[in-house]
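Since the structure comes first, as structure tokens, the remarks are kept for the end.
Values reported hereafter were calculated over all heavy atoms of this structure, with side chains retained and with hydrogens, waters and symmetry mates removed. Residue numbering restarts at 1 for every chain, and letters A, B, ... go by the order of the sequence lines.
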Amino acid sequence: MSRYNAKETEVKWQSLWSERDVFATQTDKSKPKYYVLEMFPYPSGRIHMGHVRNYTIGDVIARYKRARGFNVIHPMGWDAFGLPAENAAIERGVHPGKWTYENIAIMRDQLKSMGLSIDWSREVATCHPQYYRHEQKMFLEFLKAGLVERKESWVNWDPVDNTVLANEQVVDGKGWRSGADVEKRKLSQWFLKITDFADDLLDGLKTLERWPEKVRTMQNNWIGRSEGARVFFKIRDEDHRPAGHDTLEVYTTRPDTLFGASFCAIAANHPLTDALSASNPELQDFIAECNKMGTSEEAIEKAEKLGFNTGLKVTHPFDETIELPVYVANFVLMDYGTGAIFGCPSGDQRDLDFARKYDLNVIPVVLPAGEEAESFTIENEAFTGDGTLFNSRFLDGLDVDAGKRKAIEKLEELGQGKGTVQFRLRDWGVSRQRYWGCPIPVIHCESCGAVPVPDEQLPVELPEDVTFDKPGNPLDHHPTWKNVECPSCGKPARRETDTFDTFMESSWYFARYCSPRSDQPFEREDVDYWLPVDQYIGGIEHAVLHLLYARFYTRAMKKIGLLSVDEPFRGLFTQGMICHETYQDSQGKWLSPDQIEKIDGQDGYITIDGGSPVKVGPSIKMSKSKKNTIDPADILQAYGSDTARFFMLSDSPPDRDLEWTESGIEGAWRFTQRLWRLVQTSLEALPAKEASAPAEFSEAATALRRTLHKSIAGMTENVESFRFNAAVAKIYELTNSVSQFKPQSDADQWALRESLEILVRLCGPMMPHITEELWQQLGNTTLLVDTSWPEADESLLVDDSLTLPVQVNGKLRANITVAANADENAIKTAALAEPNVQRAMDGKDIRKFILVKNRIVNIVV
RNA sequence: GCGGGCGUGGUGAAAUUGGUAGACACAAGGGACUUAAAAUCCCUCGACUUCGGUCAUGCCGGUUCAAGUCCGGCCGCCCGCACCA
């Protein structure tokens with residue numbers, strides 16, 4: 001008997017699938033559709049283990065749904081714009097486009113060697129003008145629809161990547177790619193008005209039942225809705241206040257505490273601060289001090305709360321006789337609310353600390369239950385809880401919520417404020433000062449302003465002849481590209497040299513897959529049929545980036561009439577990461593797994609090159625910097641795709657981290673061989689494919705068939721609920737049962753054939769190549785990929801007799817075997833006949849007899 | 001600080017609506033086959049035990065005939081957000 005040759009077999013079936021185009025799909029309204037999508041890869045060079053896991057999970061679902069009769073779309077493409085391509089250009093002098101397309105070619109081959117059930121005819125690369133031209137068109141449509149804005153604002157500047165970053169791309173004060181400390185710069189940028197949809201994006205989350213709770217929570221927090229009020233404080237000192245600043249607008253969530261106000265504070269980059277600093281060098285110094293401060297968690301923790309008294313005074317909105325000082329404070333953020341606050345020291349810890357430091361009033365206004373107004377004081381701890389308002393005139397006696405409502409009512413009545421809803425979400429800044437991205441289709445003219453590129457001039461294509469020899473944006477350095485005529489007045493004008501954030505391309509690619517060769521972004525008929533994506537699979541790292549942008553972009557596309565869905569992804573699954581042990585030499589230098597070997601007969605490792613001791617570290621996410629990566633190419637080469645896929649699914653639940661181990665992949669390899677041997681050794685004696693089912697089965701055959709049909713039911717449930725590791729366990733159990741079965745008759749042989757065929761069908765989505773081969777060996781002339789998922793025979797899911805555990809007082813004492821239809825009395829008799837049960841009962845009377853059908857017996861004495 | 005999740009053998013993990021805790025696998029140990037190795041096959045494998053049992057799902061308590069699962073209170077770990085007014 002031959003050993004299974006994975007390489008030959010896998011190539012054989014991959015070619016056959018491809019020749020017959022079995023994974024090509026068409027819009028077909030007569031069939032139920034199912035859209036399976038994994039987050040498309042960035043063409044970085046080679047696939048990594050994370051890709052293997054991602055695409056294995058997706059492929060199992062795609063093949064399973066296909067076997068369940070769905071018209072499955074399962075496309076693939078390339079998120080092909082981005083900085084690594086430019087960095088390669090800078091480091092190696094290769095053009096970003098060439099580098100990208102070469103990487104795509106390599107990675108496409110690698111993915112194809114995994115045997116994924118992908119419709120490759122739908123492949124797209126976002127860096128191709130045939131893709132990004134539609135994005136430019138849509139952007140101009142968004143502009144017309146009022147969803148785009150150009151404004152000067154403070155933006156996040158990454159000094160290493162030399163570009164602006166969106167808020168979502170700043171992680172703990174650092175650039176998400178470069179890790180560099182982000183600086184604040186004031187620049188003119190294009191913004192997509194994601195905030196127009198803030199409430200809708202929030203509401204939509206409630207409908208996403210098949211999204212992980214965690215991701216929904218993260219988006220909820222990111223959007224950050226809060227209810228409160230804007231309050232207008234009149235600025236006094238008409239002689240001193242800067243022109244145009246007669247009112248200070250403040251945002252608060254606690255208008256009920258207005259009578260506890262003792263100061264106002266504004267941000268260092270607030271317009272009023274700007275105006276005041278012009279004639280005030282001390283304030284200029286203070287502002288400079290504030291701007292120096294980092295925005296990382298650590299920097300914020302350490303930073304002292306500092307204020308600068310501007311000397312200005314404002315009037316309390318409820319009482320003209322009360323005046324409050326105005327400070328510039330380093331803890332007030334221009335990005336949130338109005339960039340100005342009022343401070344109520346008794347009700348906010350930070351305000352209290354500030355008040356103590358600058359010797360300001362502390363007026364308690366909320367009385368906790370059980371405290372007396374006369375004796376209640378605030379020392380060093382602010383009271384933030386619920387209670388009864390006091391010291392607050394017309395608000396006295398109300399609770400906090402009623403106080404808020406009443407205060408807002410009064411503010412509006414007096415024209416001193418307004419109830420509002422505030423979001424943390426900012427508009428999405430999409431301008432990037434980089435070359436390898438989609439050009440923003442706008443022309444800047446001195447007299448006409450920002451003018452959209454006319455339709456007939458689209459797409460605006462990236463120039464090929466660019467240089468990367470100096471810092472900054474190559475498009476800006478290009479000698480001619482940016483010089484154009486104004487489409488409106490014909491005078492010399494300048495092309496926009498910024499390109500789009502690469503998250504733009506990934507915000508609509510799932511729709512493009514529906515009509516990948518259309519001269520429109522996509523055909524209405526196709527997206528109406530295919531969208532939304534039924535199952536999306538990817539990493540959690542995009543919880544508030546890509547996944548939020550795509551939800552917004554879908555709404556924007558709906559608004560300009562391109563499609564009719566709100567939510568792009570009905571189901572979302574976030575997979576865990578792949579981890580591996582880490583190794584270091586005695587100097588602490590990281591070692592890769594192939595630089596070390598096991599010490600003979602002992603635990604522990606030495607270096608292959610030199611034999612020096614190796615320190616073994618914890619298993620952490622595979623990363624190049626820690627050198628704990630395993631190249632999937634080596635694994636696919638050594639074991640084949642089926643084994644690699646099987647291991648990816650077997651050890652851990654797919655949403656948890658998976659530890660890569662040598663013994664784990666070896667185990668999967670042993671199973672592949674075992675499955676092969678099992679069929680080879682059985683083939684000869686099997687009855688013909690057409691043989692009809694025998695009238696009767698032996699006891700052993702019936703037992704096998706019961707196991708078999710229970711496996712079908714269990715597997716189906718496990719696959720449906722993404723418990724692939726449990727599904728794999730069921731495959732092992734079934735394989736064990738089939739291996740142990742020794743057929744004695746023709747009927748037994750028939751049962752064996754049935755078992756083998758179903759085993760092969762159940763393994764199909766996980767190990768598509770070997771199962772296709774075995775399917776053929778079992779005498780089938782059709783392809784396994786075109787074969788339906790097996791159905792469990794209901795009659796075999798219940799046993800004739802069953803074993804019931806018997807407890808006495810909740811402790812297991814015996815197991816009894818009774819007929820499946822035995823009544824309570826028969827079961828009781830059988831249970832009481834057990835000597836162990838008798839002993840445990842110790843001659844006492846039965847107080848209660850509990851029988852849970854098909855489960856357990858408990859005798860209480 | 002706010003929010004989410006998790007805690008089960010040497011390891012990864014199973015366990016339906018509360019119903020035999022540890023399925024399945026990895027590692028380890030023993031045995032068979034072999035000149036030998038690899039491969040394969042068989043057995044053992046939570047702890048303690050006077051071999052009757054007893055104790056075990058982070059800790060303490062509660063509900064229940066019955067708790068890994070439900071409730072209350074702790075402890076620990078992981079993740080996300082955070083000077084958000």
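Closest to the side chain of A/R855, from the set B/U20, B/C26, B/G19, is B/G19. Residue A/N736 has its side chain nearest to B/C24 when only B/C83, B/C24, B/C26 are considered. Side-chain proximity of A/W222 to B/A82, B/A25, B/G4: nearest is B/A82. Comparing B/U40, B/U54, B/A85 by their nearest atom to the side chain of A/K811 picks out B/U54. Of the candidate nucleotides B/C79, B/A85, B/U20, B/A85 has the atom lying nearest to any side-chain atom of A/R350. The nucleotide whose nearest atom lies closest to any side-chain atom of A/I341 is, among B/G53, B/A23, B/A85, B/A85. Checking B/U40, B/A82, B/C24 against the side-chain heavy atoms of A/A729 singles out B/C24 as nearest. Relative to the side chain of A/I856, the nucleotides B/G80, B/G19, B/A23 differ in distance, and B/G19 lies closest. Nearest nucleotide to the side chain of A/T217, out of B/C83, B/G4, B/C84: B/G4. Nearest to the side-chain atoms of A/R424 among the listed nucleotides B/A25, B/C79, B/A82 stands B/A82.
Between the A/R53 side chain and the A/G576 main chain, a donor and an acceptor come within less than 3.5 Å of each other.
Nucleotides B/A85 and B/A21 have their P atoms positioned 50 Å apart, rounded to a whole Å. Using atom C1' as the reference point in both B/A66 and B/C51, the two lie 27 Å apart (nearest Å). Between B/C77 and B/A25, the two P atoms lie 35 Å apart (nearest whole Å). If you take atom P in B/C70 and the same atom in B/G18, they sit 8 Å apart, rounded to whole Å. Remark: the separation of the P atoms in B/A37 and B/U49 is 36 Å, to the nearest Å. Only the P atoms considered, B/U11 is 23 Å distant from B/U16, to the nearest whole Å. Using atom P as the reference point in both B/C59 and B/U8, the two lie 10 Å apart (nearest Å). For the C1' atoms, the distance from B/C45 to B/G31 is 15 Å, rounded to whole Å.
Contacts of A/E720 classified as salt bridge (charged side-chain N to carboxylate O under 4.0 Å, His left out), with partners at least two apart in sequence or in another chain: A/K65. Qualifying ring pair (Phe, Tyr, Trp, His ring centres under 6.0 Å) partners for A/W211, counting only residues two or more places apart in sequence or in other chains: none. With sequence neighbours excluded, no residue satisfies side chain to side chain donor-acceptor pair (under 3.5 Å) with A/Y4. A/R723 pairs by the salt bridge (charged side-chain N to carboxylate O under 4.0 Å, His left out) definition with nothing, not counting sequence neighbours. Annotation: salt bridge (charged side-chain N to carboxylate O under 4.0 Å, His left out) contacts of A/E209 (sequence neighbours excluded): none. When the ring pair (Phe, Tyr, Trp, His ring centres under 6.0 Å) test is applied to A/F233, no partner is found at least two apart in sequence or on another chain.
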Please tabulate, for side-chain N and O atoms in residues 255-264 of chain A, each donor-acceptor pair with protein atoms closer than 3.5 Å (sequence neighbours left out).
unit_1: A/D256; atom_1: OD1; unit_2: A/R254; atom_2: NE; d: 3.1
unit_1: A/D256; atom_1: OD2; unit_2: A/R254; atom_2: NE; d: 3.4
unit_1: A/D256; atom_1: OD2; unit_2: A/R254; atom_2: NH2; d: 3.0
unit_1: A/T257; atom_1: OG1; unit_2: A/R254; atom_2: O; d: 2.9
unit_1: A/S262; atom_1: OG; unit_2: A/N361; atom_2: O; d: 2.9

For residues 651-664 of chain A, which side-chain N or O atoms pair as donor and acceptor with protein atoms under 3.5 Å away, sequence neighbours left out?
unit_1: A/D657; atom_1: OD1; unit_2: A/M577; atom_2: N; d: 2.9
unit_1: A/E659; atom_1: OE2; unit_2: A/S619; atom_2: OG; d: 3.3
unit_1: A/T661; atom_1: OG1; unit_2: A/G664; atom_2: N; d: 2.9

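When the side-chain nitrogen and oxygen atoms of A/R230 are compared with OP1 and OP2 of B/A85, none of them lie within a distance under 4.0 Å. A close approach under 4.0 Å does not occur between any side-chain nitrogen or oxygen of A/Y251 and OP1 or OP2 of B/A85. At least one side-chain nitrogen or oxygen of A/R670 sits closer than 4.0 Å to the OP1 or OP2 atom of B/C26.
When heavy atoms are screened at a 4.0 angstrom cut-off, A/N330 is found touching base atoms of the nucleic acid. Across all strands shown, A/V332 has heavy atoms under 4.0 Å from base atoms, whether or not it also approaches the sugar-phosphate. Residue contacts for A/R225: at a heavy-atom cut-off of 4.0 Å it reaches no nucleic acid atom on any strand shown. Using a 4.0 Å heavy-atom distance criterion, A/N836 is classed as a sugar-phosphate-only contact.
At a threshold of 4.5 Å between non-hydrogen side-chain atoms, the residues A/Q219 and A/L201 do not count as touching.
For the pair A/Y732 and A/N718, nearest-nucleotide mapping onto RNA chain B gives the more 5' position to A/N718. Remark on RNA chain B: of its neighbouring residues A/D335 and A/M218, the 5'-side contact belongs to A/M218, judged by nearest-heavy-atom nucleotide.
Residue pairs that meet the side chain to side chain donor-acceptor pair (under 3.5 Å) test with at least one member in residues 841-853 of chain A, sequence neighbours left out, do not exist here.
B/G62 takes the anti form, because its glycosidic angle lies more than 90° either side of 0. Classified by its glycosidic torsion, B/G29 falls in the anti category, the angle being over 90° from 0.
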Checklist entry - Yes or no on side-chain contact (heavy atoms from CB on, under 4.5 Å) for A/F286 and A/L306, after CA distance, side-chain angles and deciding distance? => result CA-CA 9 Å; A/F286 183 77; A/L306 295 175; 3.8 Å; yes
Checklist entry - Between A/N736 and A/Q740, is a side chain to side chain donor-acceptor pair (under 3.5 Å) present by the stated rule, with each step listed? => result CA-CA 6 Å; A/N736 288 344; A/Q740 278 150 25; 5.3 Å; no
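One interatomic measurement links the two molecules: CZ of A/F724 to P of B/A23, which rounds to 23 Å at whole-angstrom precision. Atoms CD (A/E733) and P (B/C24) sit 5 Å apart, rounded to a whole Å. Rounded to whole Å, atom P of B/A27 lies 14 Å from atom CD of A/E581.
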Next on the checklist: Let me check I have this right: for RNA chain B, each base becomes ., (, ), [, ] or |, based on Watson-Crick or G-U pairs with both distances under 3.5 Å. What is the full string?
Outcome noted: (((((((..(((......[....))).(((((.......))))).(((....)))..(((((..]....))))))))))))....
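Residue-environment remark: NZ (A/K357) exceeds the threshold of 12 foreign heavy atoms within 6.0 Å.
Checking A/T253 against A/S226 by side-chain atom types alone, no donor-acceptor pair falls below 3.5 Å.
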Between the protein and nucleotides 5-14 of chain B, which nitrogen or oxygen pairs are less than 3.5 angstrom apart?
unit_1: B/G12; atom_1: O2'; unit_2: A/D651; atom_2: O; d: 2.8
unit_1: B/G12; atom_1: O2'; unit_2: A/S652; atom_2: OG; d: 3.1
unit_1: B/A13; atom_1: O3'; unit_2: A/N725; atom_2: ND2; d: 3.2
unit_1: B/A14; atom_1: OP1; unit_2: A/N725; atom_2: ND2; d: 3.0

With the criterion being N/O to N/O and under 3.5 Å, what pairs connect the protein with nucleotides 61-68 of chain B, and how long is each?
unit_1: B/C65; atom_1: O2'; unit_2: A/N858; atom_2: ND2; d: 3.2
unit_1: B/C65; atom_1: O2; unit_2: A/N858; atom_2: ND2; d: 2.7

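Contact annotation: side chain of A/K730 to base of B/C24, donor-acceptor pair absent below 3.5 Å.
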